[in-house]
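Working notes, structure below.
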Amino acid sequence: MVKYEGAEHYLPGHEDLRSLREAARGCRGCDLYQDATQTVFGAGPADARLVMVGEVPGDREDRTGEPFVGPAGGLLDRAMEEAGIDRGTVYVTNAVKHFRFTPAERGKRRIHKKPSRSQIVACRPWLVAELSAVTPEVVVCLGATAAQALLGPEFRVSTQRGELLDPLGEELAAAPRVLATAHPSSVLRAPEEDREQAYRQLVTDLHEVARAL
Ligand code: URA
Ligand code: SF4
């Protein structure tokens with residue numbers, strides 16, 4: 001079995017966003033680079049005051065190389081707009097930067113799979129480096145994977161969502177406040193009768209974010 005050492009080894013000497021993005025293209029810090037098409041790094045202004053962190057790229061993101069451009073991204077854009085947040089001002093990224101999926105038949109959409117704890121830990125240096133480069137005021141964790149990457153494995157989105165939490169630790173150049181909320185895909189997957197309520201709750205949480213900026 002090949003032993004993977006995590007992303008740390010692939011970090012460039014210069015930690016500006018452009019160098020980070022370039023270096024991440026060649027990351028082999030875990031097994032996920034093997035089957036995915038490309039690294040999907042974060043995107044958005046380098047001086048964004050708000051960073052949104054998702055889980056892992058999906059099928060569309062894997063093909064285009066951009067985060068949140070598929071169905072979940074569409075829903076997120078709509079929710080941000082309703083909350084008064086302009087996506088053009090937000091830096092959007094993922095906790096894990098290569099698509100993890102269950103293979104599908106040719107031509108079919110490949111189904112995303114949740115990254116493992118070890119893949120989340122392996123990829124974390126990229127996320128920490130992005131946050132250090134952007135130095136946002138607020139970080140939004142979209143769902144449990146992002147929350148656990150930044151707030152630890154004990155964190156429960158179900159009980160602590162929508163609360164502005166204390167600044168993140170010393171590891172980062174700046175100390176942004178954090179808020180965790182549901183992942184937009186969980187809204188899309190909710191049973192039809194619950195979907196509107198799940199969406200409203202996401203918008204409510206994002207309103208809280210807009211107020212904090
Ligand atoms: N889901 C995510 O977590 N991230 C994306 O970029 C797309 C879908
Ligand atoms: Fe590197 Fe992250 Fe991709 Fe794994 S998922 S190869 S750690 S960029």
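Read the numbers this way: they start at 1 and go in the same order the structure lists the ligands and their atoms. These numbers were taken from a predicted model, which means no experiment stands behind them.
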What atoms of ligand 2 come closer than 4.0 angstrom to any heavy atom of Val96? 5 (S)
State whether the side chain of Asp62 and the backbone N or O of Ala36 hold a donor-acceptor pair below 3.5 Å, judged by distance alone. no
Within reach of ligand 1, part of Glu55 (heavy-atom separation under 4.0 Å): both
Go through ligand 1 atom by atom and flag the ones less than 4.0 Å from a non-hydrogen atom of His183. 1 (N), 2 (C), 3 (O)
Check whether Phe68 forms a cation-pi arrangement with Arg87 (NZ or CZ under 6.0 Å from the six-membered ring centre, at most 45° off the ring normal). no
Heavy atom under 4.0 Å from ligand 1: found in His112's side chain, backbone, both, or neither? neither
Which heavy atom of Leu151 sits nearest to which heavy atom of Cys141, and what is that distance? CD1-SG, 4.5 Å
Looking only at protein heavy atoms, identify the closest one to atom 3 (Fe) of ligand 2 and say how far it is in Å. His98 ND1, 2.1 Å
Under 3.5 Å, N or O to N or O, is Ala72 touching ligand 1 that way? no
among protein heavy atoms, the one nearest atom 4 (N) of ligand 1 is Asn94 OD1, 2.7 Å
Protein residue, atom and distance nearest to atom 2 (Fe) of ligand 2, heavy-atom basis: Cys123 SG, 2.3 Å
Under-4.0 Å heavy-atom contact with ligand 1, by part of Val56 that carries it: backbone
Looking at Ala146, is its backbone amide N or carbonyl O close enough to the side chain of Glu55 to form a donor-acceptor pair, meaning the two atoms are under 3.5 Å apart? no
Looking only at heavy atoms, is any part of Trp126 under 4.0 Å from ligand 2, and if so is it the side chain, the backbone, or both, or is it neither? side chain
If you measure from the Lys or Arg side-chain nitrogens to the Asp or Glu carboxylate oxygens, is any gap between Glu196 and Arg200 under 4.0 Å? yes
Show your reasoning for whether side chain to side chain contact (heavy atoms under 4.5 Å, CB included) applies to Met52 and Leu206. CA-CA 11 Å; Met52 297 242 180; Leu206 293 180; 3.8 Å; yes
Find out whether the Lys NZ or Arg CZ of Arg110 is both under 6.0 angstrom from the six-membered ring centre of Phe101 and within 45° of the ring's axis. yes
Test: Glu208 and Arg161 ion pair at under 4.0 Å: no
What protein heavy atom sits nearest atom 4 (Fe) of ligand 2, and how far off is it? Cys30 SG, 2.4 Å
Under 4.0 Å from any heavy atom of Pro67, which atoms of ligand 1 are there? 6 (O)
Answer yes or no as to whether an N/O/S atom of Cys27 is found below 2.8 Å from atom 4 (Fe) of ligand 2. no
Donor-acceptor pair, Ser186 side chain versus Ala182 backbone, under 3.5 Å? no
Under 4.0 Å from a heavy atom of Gly54: which atoms of ligand 1 are those, numbered in the order shown and with their elements? 3 (O)
